[in-house]
*Asks:* 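Following this message is one structure expressed as structure tokens.
Along the sequence shown, residues carry numbers from 1.
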Amino acid sequence: MSADTEGYREYVGARLEPLRHTAYLLCGDWHTADDLASTALVKLLRHWRRVSAMENPDAYLRRTLLRVWLDERRRPWRREAAWAQVPEHPAAVGGTEGTADRLTILALLAELPPRRRAVLVLRFFCDLSVEETARELGCTPGTVKSQSARAIEALRGRLVGASRGAEEVGTDG
């Protein structure tokens, strides 16, 4: 096995789970997240010799993942959804403290436009600075700041609206 192949395997082995989690936060579905991560890793492998010599291959991989996700979102078949029945939400079981909150946040995150969602994921999950996020998205730091502020404001508004709706349902009785 060549040194390039071995280096690629070591790199992917160390970063696969964080990559999958980032993909999940972007798309909100584990199966799609696995597909996105796989596609990003194939693209990484094609350019591994050049990427492995880079100062920050993680930035390259994140940007590749982001572009793969945005490309996937643009495909017309992704906008179609056919359901014979509306799926039931799983009932909460013991030991799942915070699960409802996480599901609520993920649902609200899914309602954001792709660019705002990407800004939040890169800034607050990947813990990138404003400047690093701007480089990843190919925009200015000012755009990152405004998109972050608008996305957080939208999430807060929806979260407050969701909690009011839950209180109203709880008082009907």
*Asks:* I'd like to know if the side chain of Thr32 reaches the main chain of Asp29, judged simply by a donor and an acceptor atom lying under 3.5 Å from each other, with no hydrogens or angles considered.
*Replies:* no
*Asks:* Which atom pair, heavy atoms only, marks the closest approach of Leu128 to Arg123?
*Replies:* O-NH1, 2.6 Å
*Asks:* Parallel under 30°, tilted from 30 to 60°, perpendicular over 60°: which one fits the rings of Tyr11 and Trp48?
*Replies:* tilted
*Asks:* Looking at Glu132 and Ser129, would you say the former's side chain and the latter's main chain have a donor-acceptor pair under 3.5 Å?
*Replies:* yes
*Asks:* Which atoms form the tightest heavy-atom contact between Pro141 and Val130, and what is the distance?
*Replies:* O-CG1, 3.5 Å
*Asks:* Indicate yes or no for a side-chain donor-acceptor contact from Thr39 to the backbone of Asp35 under 3.5 Å, with no hydrogens or angles considered.
*Replies:* yes
*Asks:* What is the distance from atom CZ of Arg15 to atom CZ of Arg62, rounded to the nearest 0.5 Å?
*Replies:* 10.0 Å
*Asks:* Which pair of heavy atoms, one from Ser148 and one from Leu120, lies closest together, and at what distance?
*Replies:* O-CD2, 4.2 Å
*Asks:* If I compare all heavy atoms of Pro57 with all of Met54, which pair ends up nearest, and what's the gap?
*Replies:* CD-O, 3.7 Å
*Asks:* Should Cys139 and Arg115 count as side-chain neighbours, where that means a heavy-atom distance under 4.5 Å?
*Replies:* yes
*Asks:* Would you sort out whether Thr140 and Thr143 count as a side-chain hydrogen bond (donor to acceptor under 3.5 Å, both in side chains), showing the intermediate values?
*Replies:* CA-CA 5 Å; Thr140 66; Thr143 301; 2.9 Å; yes
*Asks:* Is the shortest side-chain N to carboxylate O distance from Arg150 to Glu153 below 4.0 Å?
*Replies:* no
*Asks:* Over all heavy atoms of both residues, which pair between Ala33 and Cys27 is shortest? Give the atoms and the distance, please.
*Replies:* N-SG, 3.5 Å
*Asks:* Report yes or no: do Val119 and Phe125 belong to one cluster of Ile/Leu/Val/Met/Phe/Trp/Tyr joined by side chain heavy-atom distances under 4.5 Å?
*Replies:* yes
*Asks:* Taking the side chain as C-beta and beyond, is there a heavy-atom pair between Val121 and Leu66 under 4.5 Å?
*Replies:* no
*Asks:* Within the structure provided, determine whether Tyr8 and Leu41 are in side-chain contact (heavy-atom separation under 4.5 Å).
*Replies:* yes
*Asks:* For residues Leu65 and Leu19, determine if any side-chain heavy atom of one lies less than 4.5 Å from a side-chain heavy atom of the other.
*Replies:* yes
*Asks:* Taking the side chain from Arg117 and the backbone from Leu25, do they hold a donor-acceptor pair closer than 3.5 Å?
*Replies:* yes
*Asks:* Would you sort out whether Glu6 and Arg9 count as a salt bridge (charged side-chain N to carboxylate O under 4.0 Å, His left out), showing the intermediate values?
*Replies:* CA-CA 5 Å; Glu6 188 59 36; Arg9 284 180 181 227; 5.3 Å; no
*Asks:* Taking the side chain as every heavy atom from C-beta outward, state whether Ile152 and Phe124 have any atom pair closer than 4.5 Å.
*Replies:* yes
*Asks:* Locate the shortest heavy-atom distance separating Ala118 from Leu137; write the atom from each residue and the value.
*Replies:* CB-CD2, 4.1 Å
*Asks:* Should the pair Trp30 and His21 be assigned to parallel (<30°), tilted (30 to 60°) or perpendicular (>60°) ring geometry?
*Replies:* perpendicular
